[in-house]
Amino acid sequence: MLEINLIRNHQEEIIEGLKKRNFDAIDIVNQITKLDNKWRSEKSKMESIAANLNQLSKSIGACYKNGEIEQANDLKNKTKALKENEQTLKATVDSIQKQIEELMYEIPNIPNKEVVKGNSEEDNEIILSYGEEPKFTSEPLPHWELAKKYNLIDFELGVKVTGSGFPFYVDKGAKLQRALINFFLEEAGKAGYKEYMSPHLVNERSALATGQLPDKEGQMYHANTDNFYLIPTGEVPLTNIYRDVIIPNEDFSIKLTGYTPCFRREAGSYGKDVRGLNRLHQFDKVEIVRIEHPNNTQKALEEMVEHIKSLLSKLNLQYRVLRLCGGDMGFTSALTYDFEVFSAAQNKWLEVSSVSRFYSYQSNRLKLRFKGNDKKNHLCHTLNGSALALPRILAALLENNQKEGKIEIPKVLHAFCGFNEIS
RNA sequence: GGAGAGAUGGCAGAGUGGUCGAUUGCGGUAGUCUUGAAAACUAUUGAUCGUGAGAUCCGGGGGUUCGAAUCCCUCUCUCUCCGCCA
């Protein structure tokens, strides 16, 4: 959620900035401004009546103490009309406030200045490419065929037990998952991220605070009986650790990491994009989250990008980094870098990580603040990124490292999985 | 799942209808003393909204009352005992 002060004082910037998302903000900003002015004047009226009532109540109390019953009753009669007046005003003020809040939820974050205008992934900018396309002597197999050939992943069994998009990882496939998770967590730890193992279900407030609600209601699994949501990403529990927290100035930077499964309904997805591991309802991910002083948020972003680059390099994967255009960026993000690895057998790029910078957009809902040098509270900045999401990494590893009769495992993983190849 | 108790400021913990935004202790900050530190002493120390006067906040929501931390209803959460259980 944007800060209300931004809407009060920087309307042009908001409207201009949101054009990059093809979001026409003129109407909504005008509506909010109008409501906000009304809210302030009505609230001010209400408060002066409240002050009046408070005074009268005190006088009544004093009268009773002095035994001036009649005078007290006189004053009591005076409060009646004021009270009614106050209640009417309160109803108005509350309803205006609610309207403002609902409108505020509809405004996405303002893209950073380097973000370009665009409609879809076609308009994303490639800002870095690394590595070379792997060479094969014969036609490489896609990972779903490799998974079958070497009995690493059982998609049919997942369908039987749960449904499509919930695969079983088997034997060396399962061990490889575990190895990747450990490798990613170890690397994050070395980079100074504190490890958490979090709940996989969260309450409504948490989902609201990181912005999954109300915008993306349909994308989460919902445990109705207890009103819990299955987390679509580790970002939700990790960031919510700091909901309603005021951070002492010296505690920055805060760096968190955690492995969680992620659950996504992915309603409406179908076709070749969902083949094999490309899109699942449940997948594993190691997430990194940072909570920063506004001065350090740029540096934090760069560090996160470097961290993810190093992971992909160590895994020997060919990758590229994209800066997402306004139209392709998530609702709450101001700047997002996507990392994609090249899948040789599918001949396409697969997204394996997304690093986003939110400015105070999340903090505002989270009420996540720090005590500044001016002794006042200010909103923190939050960032997060996948480091990394497993399925497509696994897909690329299998496909790109296939050799005659075996699949080679990258060196860095040997110690974690206990084997060098799959045959 | 059954029975009971409870939820107050960073923490502990008073307060059961009227200057209570809240006694006190600890902690934090600043100062005095000290070469420095500790101790001691003194002062200060919650948040939100509002240009401001001021308003609001004692788990959340609602009610009674001129007036609610205090009374009533309801929800949520925590603890204790019993039951069940990895």
Side-chain angles (χ1 to χ4, degrees), chain A residues 1-10 32-104 197 199-209 213 222-229 237 240-252 254 291 360 362-380:
Chain A
M1 193 160 62
L2 292 175
E3 296 176 51
I4 187 78
N5 276 331
L6 211 57
I7 294 192
R8 283 177 189 159
N9 306 322
H10 300 279
I32 291 175
T33 309
K34 221 189 230 169
L35 285 166
D36 185 52
N37 286 332
K38 179 125 190 259
W39 178 78
R40 285 203 266 185
S41 72
E42 294 298 293
K43 192 167 181 211
S44 163
K45 275 187 218 162
M46 180 183 90
E47 285 179 357
S48 64
I49 291 175
N52 216 325
L53 277 168
N54 287 342
Q55 277 304 322
L56 282 171
S57 290
K58 275 181 192 170
S59 310
I60 291 169
C63 287
Y64 275 119
K65 246 179 209 162
N66 300 331
E68 298 161 348
I69 307 292
E70 238 173 74
Q71 204 173 339
N73 284 334
D74 273 1
L75 291 173
K76 268 197 205 181
N77 287 332
K78 272 194 191 169
T79 61
K80 277 211 178 85
L82 282 174
K83 227 184 142 186
E84 270 171 36
N85 218 331
E86 191 204 16
Q87 269 167 1
T88 321
L89 280 168
K90 186 173 188 299
T92 314
V93 169
D94 285 352
S95 117
I96 294 173
Q97 194 175 4
K98 208 173 163 206
Q99 287 173 56
I100 292 174
E101 197 177 278
E102 275 165 18
L103 290 171
M104 293 291 284
M197 193 172 262
H200 300 159
L201 282 77
V202 294
N203 58 31
E204 201 175 344
R205 262 201 85 192
S206 294
L208 246 160
L213 291 177
H222 185 207
N224 297 338
T225 312
D226 296 294
N227 196 23
F228 292 147
Y229 290 88
N240 269 283
I241 293 172
Y242 284 90
R243 168 153 53 79
D244 294 327
V245 170
I246 297 173
I247 296 163
N249 207 350
E250 66 271 19
D251 279 5
F252 289 114
I254 294 169
I291 292 161
S360 62
Q362 280 188 327
S363 304
N364 195 20
R365 282 200 205 177
L366 286 160
K367 291 205 171 58
L368 165 52
R369 293 160 296 177
F370 66 94
K371 189 73 82 182
N373 291 329
D374 57 0
K375 306 265 182 196
K376 286 189 179 158
N377 293 331
H378 304 275
L379 293 172
C380 297

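Chain letters run A, B, ... following the sequence lines, proteins first and then strands; every chain starts at 1.
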inquiry  = Only Watson-Crick and G-U wobble pairs with both distances less than 3.5 Å should count. Give RNA chain B in dot-bracket notation, marking inter-strand partners with |.
reply    = ((((((((.[[[..)..(.....]]]((((((.......))))))((((....)))).[[[[[..)....]]]]])))))))....
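Rounded to a whole Å, the NZ atom of A:Lys58 is 22 Å from the P atom of B:U65. The distance between atom CG of A:Asp244 and atom C1' of B:G10, rounded to the nearest whole Å, is 15 Å. The NZ-P distance, from A:Lys65 to B:G67, rounds to 17 Å in whole Å. Here the C1' atom of nucleotide B:G9 and the CD1 atom of A:Ile246 are 12 Å apart, to the nearest Å. Computed from coordinates, the A:Asn377 CG to B:U45 P distance equals 16 Å when rounded to whole Å. The interatomic distance linking A:Leu56 (CG) with B:U65 (C1') rounds to 15 Å, in whole Å. Atom CG of A:Leu75 and atom P of B:U65 are 18 Å apart (whole Å). To the nearest angstrom, C1' of B:C66 lies 10 Å from CG of A:Asn77.
Contact record, A:Glu86 with A:Met46: CG-CG, 4.2 Å, taken as the closest heavy-atom pair.
Among the protein residues, A:Arg369 comes within range of the sugar-phosphate backbone only, with heavy atoms under 4.0 Å from sugar or phosphate atoms but none that close to a base. A:Asn73 comes within contact range of no nucleotide atom at all, as no heavy-atom separation falls under 4.0 Å. Nucleic acid contact class of A:Lys367 (heavy atoms, under 4.0 Å, all strands): none. Within 4.0 Å (heavy atoms only), A:Ser57 reaches at least one base atom of the nucleic acid. Counting non-hydrogen atoms under 4.0 angstrom, A:Ile60 reaches a base of the nucleic acid.
Checking the phosphate oxygens (OP1, OP2) of B:U56, a side-chain nitrogen or oxygen of A:Asn54 falls inside 4.0 Å. Regarding contacts with the backbone of B:G67, a side-chain N or O of A:Lys83 is found under 4.0 angstrom from either OP1 or OP2. Contact check, A:Lys43 against B:A53: no side-chain N or O comes under 4.0 Å of OP1 or OP2. The shortest distance between the side-chain N/O atoms of A:Asn227 and the OP1/OP2 oxygens of B:U76 is not below 4.0 Å.
Two residues are said to be in side-chain contact when any heavy atoms from C-beta on lie closer than 4.5 Å; A:Tyr242 and A:Ile247 meet this criterion. Looking only at side-chain heavy atoms (C-beta outward), A:Lys38 and A:Gln99 stay at 4.5 Å or farther from each other. In this structure the side chain of A:Asn364 never reaches within 4.5 angstrom of the side chain of A:Leu2, judged on heavy atoms. In this structure the side chain of A:Leu56 reaches within 4.5 angstrom of the side chain of A:Leu82, judged on heavy atoms. Contact of the A:Lys78 side chain with the A:Asp74 side chain is not registered, since no non-hydrogen atoms from C-beta on lie closer than 4.5 Å. Residues A:Leu89 and A:Ile49 meet the side-chain proximity criterion, which asks for heavy atoms closer than 4.5 Å.
Closest to the side chain of A:Ala51, from the set B:A53, B:C49, B:G54, is B:G54. In the set B:G50, B:A55, B:G18, the nucleotide with an atom closest to the side chain of A:Tyr64 is B:G18. Counting only heavy atoms from C-beta on, A:Arg40 has its side chain closest to B:G50 among B:G50, B:A47, B:A55.
Separation of the C1' atoms belonging to B:A43 and B:G61 is 41 Å when rounded to the nearest angstrom. Separating the P atom of B:A22 from that of B:U35 is a span of 41 Å, rounded to the nearest Å. Here, B:U42 and B:G6 have their P atoms 37 Å apart, quoted to the whole Å. Going from the C1' atom of B:G46 to that of B:C20 covers 15 Å, rounded to whole Å. The P atoms of B:G2 and B:C84 are separated by 15 Å, rounded to the nearest whole Å. B:U65 sits 16 Å from B:U70 when the P atoms are compared, rounded to a whole Å. Taking atom P in both B:A68 and B:G60, the straight-line distance is 16 Å, to the nearest Å. Here, B:C33 and B:A40 have their C1' atoms 9 Å apart, quoted to the whole Å.
Both A:Asn5 and A:Lys80 lie near RNA chain B, and the one whose nearest nucleotide falls closer to the 5' end is A:Asn5. When the nearest nucleotides of RNA chain B are assigned to A:Gln55 and A:Thr79 by heavy-atom distance, the more 5′-ward of the two goes with A:Gln55.
The ring-ring contact (aromatic ring centres under 6.0 Å, His included) test applied to A:His222 returns A:Tyr229, not counting sequence neighbours.
In this structure, the side chain of A:Asn240 engages the main chain of A:Ser206 through a donor-acceptor pair within 3.5 Å.
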